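Letters A, B, ... are given to chains in the order of the sequence lines, protein chains preceding strands, and every chain is numbered from 1. The structure presented is a predicted model; accordingly, all values stated were derived computationally and were not measured.
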Protein chains: 2
Amino acid sequence: MAAIENEKASRFPDAELKARAAWHYYVEGLTQERISEILGVGRIKVHRILSAAREEGVVQFRIRDSVVECVQLEESLKQRFGLSHAVVVPSAADRSNAPLMIGHAAAAYLADNVNPGDVIALGWGRTLKFAINELPRRPIARTTVVSMLGGLTHAQPLNPTESAWELAEKIGAECYLLPVPVYADRPEQRDAFMSQRSVQDVVFRARRANIAVLSVGSFSSDSPIANYGFIKPSELEELQAAGAVGDILCHFIDAEGHIVDHEVNRRVCAYPLQDLSDIPTTILVSGGQEKIAVMRAALANTKVSVLITDEDAAKGLLNR
Amino acid sequence: MAAIENEKASRFPDAELKARAAWHYYVEGLTQERISEILGVGRIKVHRILSAAREEGVVQFRIRDSVVECVQLEESLKQRFGLSHAVVVPSAADRSNAPLMIGHAAAAYLADNVNPGDVIALGWGRTLKFAINELPRRPIARTTVVSMLGGLTHAQPLNPTESAWELAEKIGAECYLLPVPVYADRPEQRDAFMSQRSVQDVVFRARRANIAVLSVGSFSSDSPIANYGFIKPSELEELQAAGAVGDILCHFIDAEGHIVDHEVNRRVCAYPLQDLSDIPTTILVSGGQEKIAVMRAALANTKVSVLITDEDAAKGLLNR
DNA sequence: CTTTGATATGCAATTTTGTTCAGCTAAAAC
DNA sequence: GTTTTAGCTGAACAAAATTGCATATCAAAG
């Protein structure tokens, strides 16, 4: 139970200042120096306040006109994969920024599409983290957030537990977490964990969710699942050798979207992949070149209703 | 009928470029130089594209956390004036920017509160122009915009006709205009104009609106009504001598909100002030020191349900 | 073919913004 | 009382954005 400290404490706890500075800077168009006079703080501090405001999503940038090409891709994706909705954003120029861009779009989508009373089942990933980060902190009545994944033992900045908690806080939701590690040490342990009453209870709640939000992971070197070290490099190789192209909800799947037969997949403490079909709306948030294969796999064998992605991935998915 | 040319033609008609540049700049955080490489245009052109994007409201800045003090003012205003809703934004540091800030808030409010099927009766003013400008260009089904004011004979950039048209275009609404000058030369002419079938028809439509959006004008020197010259300086003085504190829907009113008895008020071609009560939701969008008196007057004798203003004005209204 | 005028482009100077680093303060530990 | 540490702060520098101005481009008119 130890270290889930809410490290949220921002460097500038004064929301007042952040909001005021943001108004003067972004809306009124004043210079940082002028703002420093008005607020009576140093110019550099104004700069830091503004940085923090962006960082924490106090200011949100919204781009209204969509890019023509992206709109066409959205249409094609909907048709090709039977989606009810698709959002395609321009690809990031720097590969590593893809999660930022897609997360931004996901935040906008969620802000518009989460309604009072909704129950959100949440996956995990860098893209989702960005999405949650950019979400407005506006309470939505009677919402619930349920994590579909166990937590990390060594508390990391990017953590299913942390993400669920942060989302819940933003929209003022009740929050249910899986009080187990995402990967048990051995399959029998997993079974023991999962059969616990408290865990079953959370899984049951997830099953009753009306919205699932999740992303997929690839084997690329900067993937968190590869770096955090709870899967050994040797296991990653074995998985790839067994045909895995990536993971969805921490289940490793092959190119057809089927769960690969490997011990790791028997150690995962998560909402069962095949049960996603019980959730009416499934939102898949992922993009970037390196995710194309696993996204195609996920779309092939998992019911996805909404896809939020970028141009690169959209094109890749459509060019078979 | 002459010169209502839609001068909208922006310097950068390519919405594609604007949207792409905005994504890379504001969301991805790239430098303008980097973007110029990606888009294959000059660095300075990128800058100009971004300016245009802001200018035309392709990028929108939204500040989520509100300023504590402003929230308190909102509560007080609601109580004091029996409003159903109030929005208070920080005051602009430069007096002349007040319309920018308040317009921004009004745009956000309208974006959230205009629903399919709504009929919007529209007033006129610089603040409203900014609001419309910042509104997302997103069609809202079956909406209608009706101008509550006549037009200007010498087409000016700031013009009731132009504003209504622009709003209609943004939300994909049908648009009805009063095909007469806002001030007739003589009272009898006004009566003749207003009794025209086409005019009556538009006024009738305005009366059936469910939302009225309007602002008030003061006598300050930078007020458009003073500068555009369709009211003579001598008349402005007479009006003030007669107790007028400003105008609402181009009707000049005294401190109690009653229409001042003066010829100018018998020449105005506009939706009748007292008939505002026929419209369920009336949104008053105005602020800044110099508008306090006329805002108080308007609130005293006109049914206002929503007030969007700034700190200065809010404080002024509350300190009697 | 040249002129004219309107528009677009990029250079260069200037302003604004971002970053790094060393010093300062104050609370906690010794 | 001194040391340690963490957190701020702003000066100085580096990078980026902005603006005025001169030049280029192109279409219509002469």
In whole Å, what is the span from the CG atom of A:Leu50 to the C1' atom of C:dT16? 13 Å

Closer than 4.0 Å, any side-chain N/O of B:His47 to the OP1 or OP2 of D:dA17? no

Is the count of non-hydrogen atoms from other residues, nucleotides or ligands lying under 6.0 Å from B:Gln289 atom CD greater than 12? yes

Picking from D:dA17, C:dG10, C:dT17, the nucleotide nearest the side-chain atoms of B:Arg48 would be C:dG10

Looking at the rings of A:Tyr25 and B:Phe61, which for Trp means the six-membered one, are their centres under 6.0 Å apart? no

State which residue, out of A:Asp310, A:Val88, A:Thr309, fulfils the side chain to side chain contact (heavy atoms under 4.5 Å, CB included) condition with A:Leu73. A:Val88

Length of the line joining B:His24:NE2 and D:dA16:P, which is rounded to integer Å: 17 Å

Atom CG of A:Leu17 and atom P of D:dC8: how far apart are they, to the nearest Å? 13 Å

Spacing of B:Leu30 atom CG relative to C:dG18 atom C1', expressed in whole Å: 16 Å

Check the orientation of B:His104 and A:Trp23. Use parallel for under 30°, tilted for 30 to 60°, and perpendicular for over 60°. perpendicular

To the nearest Å, give me how far apart CD1 (B:Ile49) and C1' (C:dG10) are. 14 Å

Whole-Å distance separating the CD atom of B:Glu33 from the C1' atom of C:dC11: 13 Å

From CZ of A:Arg43 over to C1' of D:dC13, roughly how many Å is that when rounded to an integer? 11 Å

Return no unless some side-chain N or O of B:Gln32 is found under 4.0 Å from OP1 or OP2 of D:dT18. yes

Proximity to the side chain of A:Ile44 - top-ranked nucleotide from D:dA12, D:dG20, D:dA17: D:dA12

Where the side chain of B:Thr31 is defined as all heavy atoms beyond and including C-beta, which of D:dA17, C:dT17, D:dT9 is the nearest nucleotide? D:dA17

Give a yes/no on whether any side-chain N or O of A:Tyr25 is located under 4.0 angstrom from OP1 or OP2 of C:dT16. no

Taking the minimum atom-to-atom distance to the side chain of A:Lys45, which one of D:dT18, C:dT17, D:dT9 wins? D:dT9

Hey, is A:Glu166 close enough to A:Lys170 for a salt bridge, meaning N to O under 4.0 Å? no

So, does A:Ser51 get its side chain near the phosphate of C:dG18, meaning an N or O under 4.0 Å from OP1 or OP2? no

